[in-house]
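In what follows, chains are A, B, ... by sequence order, proteins preceding strands, each numbered from 1.
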Amino acid sequence: MLNQRFATRLKMMLLAAAVIFLVLLSRLAYLQLYKGDYYGKQADGNRLRSTRILAPRGLILDKDGKPLVNNFAGYTICLQPHLEYKDETLALIGRLLNLNPQEIRRRLKLAVNTYEPVRVKSNLSAGEITSIEEYRQQIPGVMLELQPERKYLYNELAVHVLGYTGEVSEYELEHGLFKGVQIGAIVGKGGLEQQFDSVLRGTDGQRNEEVDVRGKVVKQLENIEPKTGHSLVLTIDSRLQKTLERAVDTHLAELRASGAAPNAFGASVVAMDPRTGAIRAMVSRPAFNPNLFIHGISSKDWKVINENPFHPMTNKAISGEYPAGSTFKVVTGTAALDLHKVDPNELILDPGYHWAVPSMGNAGGEVLGLLDFQSGFAASDNVYFYELGRRTGIDNLDDYAHRYGFGSVTGLGLAEEASGLVPSPALKKKLYQGEEGEWTLGDTFNVSIGQGMVLITPIQLAQMLSIVAENGVKHQPYLVEKILNYDGSVAGVPERKPAEKVSVSDETFKLIRQGLEAVTQAGGTASYFSSLPVAVGGKTGTAENPHGKDHGLFIAYAPADNPELVIVCVVEQGSFGSTSAGPIVYKGLEEYLKERAGLPETVGPETPKQEEGK
Amino acid sequence: MHRYLRNLDWILVGAVFLLMAIGLVLIASATHSYAQSTGQMVHVQRQALFMLVDVILVGLSLRVDYRSLKQVAVPLYVVTVVLLLAVLLFGVTLLGAQRWLKLGPLAFQPSEFTKGFMLIGLAAYLDNISYSLNNFTDYLKPIFVVLVPFLLVMKQPDLGTALVFLAFSFSMFLACGFKMKWTLLSTLGGALSLPLIWEFLHEYQRNRIRVFLNPELDPFGAGYHVIQSKIAIGSGLLLGKGWLQGTQSQLNFLPENHTDFIFAVAGEEFGFAGCFLILLLYLVIIWRGLSIALNAEDDFGTLLAVGITGMFLFQVLVNVGMTIGIMPVTGIPLPFLSYGVSSLTTNMLLTGILLNINMQRQQLQF
């Protein structure tokens, strides 16, 4: 009988069966118990789709709450990340939307670790939307979504303060420059948009859906609502800002046309309230339109900006470093008077040159004879100030320069602020070898009149003048007054340094102010300011420029008896400060006084340009 | 009647009934979305109906001694070959394979029945020659008997059924006394001829093997089944997601989940515990089958029992292995669980034969 002869074989078969079942069970255990979570996630990956709901970015408002930057709704096209896209499909999308298919492929690759739809193009035109809808069958996995887009309502107005926005770049992602941000996210670049990016950005929400194998939505699950970003209320007065920008553009054109300053393309203005440090206007020229960057700037537009030799994207008000010129005489005067190196009524002779360094005299070779402090300051006599510098000494000059905040950044809250330079004997020794590195009296003379190695930024000048106007109280310049929630309630106030008192006597400041006020009277270098309804304290400056025409500077505050506004203007290659920068400051003060008196704006208020994006 | 009940292998009967019940539950879940959209539980009803019919058929078959099958063995073999030829010549292609014959409104897969017929035929033949296996030429004849239907099925192409043929043939050869060294040699020869077989395989079968070795090669095509099956099973964890709660099955991520991939439904909805239970029940069937073979009254009974048991074992191994990614994808259904009338009926009748063999044995004991 077979089952007797081969009983062992039959029993072996049973054993074999048991072994087979053990193998199956162990594999099951591996899948279900060891790797269960992994497969659970895969299962969810199959069926759960979550799409990001972009949070609208916070608004940026001027000091009166008028929006300067807001958002509007635009259509964006995205692709689901985990489908296979054939080359023809991407080529079709590229054709319909005028995009490079390789670029789309690259974006898909970058998003491979997320489950998020990949943004392909934003702010579609009506025509593009129609084409996509027409070809929907051939483009599976495509999603059209309504999303918020940034809008700079007044184009170039205050662009250097505001900054611009764009998609986060691979470089920025790799270097972790923005926290919690993924490919396709919109971030701020430059200006306040970048500095306050995490405040403005808000929190994206999530739409969760369950889909079947065809990607069709089967069930809406719980959504996470997006939280709109916080808004910023700035210190900027848009009326003053507009006036100053227009004044700069008009006056620079005139300067160029007249032949007096054919290369005057670059300029900056800072207007500040000395009582608080609030920056009422900040202008830098040339400028650019931030709306160009929202969907990625076209190469054509970028070429124009990038190849402009006057650097439209630099904020010259904080990054431009110039010799101070005669405006620095405020420092020299302060040091000399405060240290009692000179009596304000003392008469000093100007024979056209200084006896200690006869080669150095006045700019135009003038000879002004005997001068006391007031007349010396008002006439901006170099020889008078050489003498002051000689008596005070470079170390004291440096000390007072630092007290005024020169040589350091003001910390107003924008990136790329320059610190300028206060030259010292130690520095000169470091920079030059041997005899060349020895500090000379001539060097001190140059510092006394703000030439040579002295470098300042316009905002530092504004800070200096504010200290003078406020009798030594030094406020931190700032741009953001407060931060608002979406509903308009106040969320907070950015941290600011508390006010300091510069240790200089009140008497000294009074004398300086008298000198400044004399500048704008008859006999001063900017006497045309006297036609303004209030008394103004000011100072002209002309900075030597070895590479071209001299730069023109002008600083002023008004009203003189109780200062409310400080304005500083620098015109690159504008030649004399009085004729280049002065008139711009004049226009600014004029408009400010009008506003203060409740008079209407000089040219009617501009309606925001509603440009449908290109 | 009493006699039947006394001699019945209740453990085997119990295991089969339990599996069929589980099968109904799984099919109900797998076809749930279809049932919801059409308003009728078509698949469950059909399967249940045929379960009932098959139980009756088996009951009736028990009245007849299994040994009478010996008389129809040769005709059965002939019918097998004829049916297979018919499929090749007149067959209808459904689901991409020419395996179906249409009789009016019914389409059925003869290959399911041919499995049974072949098994019986071979058992009878081996029964005759089991004591005369001496030289090599004696082995050639049974091999040839198996080879003809095997090639016909391969031609359809139906790799799965062909392999099942080999499986039960091999089991029966073992039980029949084929010398170990010959069997080892022929296995070696088979292994060496794999490259040759590769040449004969259709492209899609080759792809099946390629994708089996690496399902990620074609995640949206041939690899899709297996990847989805593993996901479904893996995500079931210990106790599963619950009946009708299997997201992969319900959302149609898992195709063929009421037929070949029914085990994945079990894995997803009832977890490791459920899979363990099912495999245990199959092991019980194997155990009972081999037990019956050991205690059979005659060689024919032993051979039949071994062949049937070997066939069940092979089908379970290949089907479950496929769903968990350790076997290539073939069209072999899971006995008693997969939806399919032909497969259900064949397996039921074969179980009937097992019971029959067991019963006849009991009869001799007084």
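When each of B/Gly236, B/Ser171, B/Gly271 is scored by its heavy-atom pairs under 4.5 Å with chain A, the top score falls to B/Gly271. Top candidate by heavy-atom pairs under 4.5 Å with chain A, chosen from B/Cys275, B/Ser291, B/Gly267, is B/Cys275.
Contacts between B/Phe314 and chain A at a heavy-atom distance below 4.5 Å are absent for every atom of the residue. For B/Leu279, the parts sitting under 4.5 Å from any heavy atom of chain A are the backbone and the side chain alike. Looking at B/Leu313, the atoms closer than 4.5 Å to chain A (heavy atoms on both sides) all sit in the side chain, from C-beta outward. Proximity to chain B (any heavy atom under 4.5 Å) is shown, for A/Leu14, by both the backbone and the side chain. Contacts between A/Ala16 and chain B at a heavy-atom distance below 4.5 Å are absent for every atom of the residue. Only the side chain of A/Ile20 comes within less than 4.5 Å of a heavy atom of chain B; its backbone N, CA, C and O stay farther away.
Among the candidates B/Asn356, B/Asp298, B/Asn358, the single residue satisfying the side-chain hydrogen bond (donor to acceptor under 3.5 Å, both in side chains) test with B/Tyr66 is B/Asp298.
Within the 4.5 Å cutoff, the side chain of B/Phe272 has heavy atoms near those of the A/Leu25 side chain. The shortest distance between side-chain heavy atoms of A/Glu149 and A/Ile186 does not fall below 4.5 Å.
The shortest non-hydrogen separation linking B/Arg288 to B/Asp9 is NE-OD2, 2.8 Å. Shown here for B/Val316 and B/Pro335, the closest heavy-atom pair between the two residues is CG2-CD, 4.2 Å. When all heavy atoms are compared, the tightest approach of B/Asn319 to B/Pro333 is ND2-C, 3.5 Å.
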